[in-house]
2 protein chains.
Amino acid sequence: MTAAVEPPRHRFAVLDEEECLRLLPLLPVGRLGFSAGALPVVLPVNFTVVDRTVVFCTEPGLKLDAAAARAVACLEVDDYDVLSHSGWSVLATGRLEVVTDPDHEAVLRRLPVQPWAWQASRHYVELPIELLSGRKIGNP
Amino acid sequence: MTAAVEPPRHRFAVLDEEECLRLLPLLPVGRLGFSAGALPVVLPVNFTVVDRTVVFCTEPGLKLDAAAARAVACLEVDDYDVLSHSGWSVLATGRLEVVTDPDHEAVLRRLPVQPWAWQASRHYVELPIELLSGRKIGNP
């Protein structure tokens with residue numbers, strides 16, 4: 001009987017850039033991938049997207065260190081359905097930048113990108129998207 | 001009125017190794033972080049955990065290339081609740097290994113780690129966990 005309820009086996013389909021840009025801001029949490037001390041690190045981050053740029057807030061730590069070093073990083077966002085084995089993922093890659101201009105920071109403070117954690121100091125970081133790719137499986 | 005429904009601002013708490021090992025297998029999909037062509041890559045993967053080793057199936061592509069090169073990689077798993085701004089994430093880091101021993105592969109084929117995509121060829125990859133860390137926010 002198990003075979004009868006097994007989801008159909010789909011193939012991956014590549015998403016075009018327009019579809020990637022549409023899907024990317026649909027979820028409030030993505031995962032930031034970068035290197036720290038020569039090791040790969042993936043950490044969840046609450047983000048938004050403005051004009052092909054990912055924006056998030058962070059406190060002192062690995063993410064801010066990477067941004068201060070202008071490290072290359074990627075933001076991954078995905079959504080999936082376990083029952084139907086369908087879903088999608090988008091990967092946006094660029095170079096991190098800490099926002100230091102007070103006028104620009106004042107604009108970003110109005111965005112709906114509130115950090116979930118209490119933060120002694122809050123720093124805005126941008127990731128202008130240079131590479132964008134995505135794929136889907138099934139009919140998510 | 002907006003302030004009245006804003007979730008409380010929590011602080012992050014570090015998870016100990018026992019808690020990380022308990023949480024890691026709770027979700028069927030994690031995100032594999034590694035480098036490909038000097039760029040950070042994060043891709044979703046359907047996985048399971050056996051004896052401190054992450055196991056997944058993959059077809060030819062970036063993940064299998066990284067495994068064939070015995071690249072250092074990390075698997076990130078998280079769960080969160082948008083309304084209460086609570087959640088947790090676990091990061092398991094190690095070196096990828098393609099399983100080539102037929103007897104070992106026969107054992108892995110019995111695990112509940114079915115790839116969601118149709119795959120012309122299926123390769124089992126292991127990530128023995130060498131570093132394990134996690135944190136939570138709120139009361140997830």
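Counting heavy-atom pairs closer than 4.5 Å to chain B, the top-ranked of the candidates A/Pro44, A/Gly138, A/Gly33 is A/Pro44. Chain A forms more heavy-atom pairs under 4.5 Å with one residue of B/Ser35, B/Gly87, B/Ser86, B/Cys74 than with any other, namely B/Cys74. Ranking B/Val72, B/Thr93, B/Val29 against chain A, the residue ahead of the rest is B/Val29, based on heavy-atom pairs under 4.5 Å. Highest contact tally toward chain A, considering only B/Pro40, B/Ala73, B/Pro28, is held by B/Pro40 [criterion: heavy-atom pairs under 4.5 Å].
Residue B/Leu27 is grouped with residue B/Leu91 when hydrophobic side chains (ILVMFWY) are merged at heavy-atom distances under 4.5 angstrom, including chains of intermediate members. Cluster membership check: B/Leu64 shares its hydrophobic cluster with B/Leu127, using side-chain heavy-atom separations under 4.5 Å among Ile, Leu, Val, Met, Phe, Trp and Tyr. Residues B/Leu32 and B/Leu131 are members of separate hydrophobic clusters, defined by side-chain heavy-atom contacts under 4.5 angstrom among Ile, Leu, Val, Met, Phe, Trp and Tyr. A chain of hydrophobic side-chain contacts below 4.5 Å, direct or via other Ile, Leu, Val, Met, Phe, Trp or Tyr residues, connects A/Val99 to A/Leu111.
Heavy atoms of B/Leu75 lying under 4.5 Å from chain A are absent altogether. Heavy-atom distances place no part of B/Ser133 under 4.5 Å from chain A, backbone and side chain included.
Around CG of B/Asp51, the count of heavy atoms belonging to other residues, nucleotides or ligands within 6.0 Å does not exceed 12.
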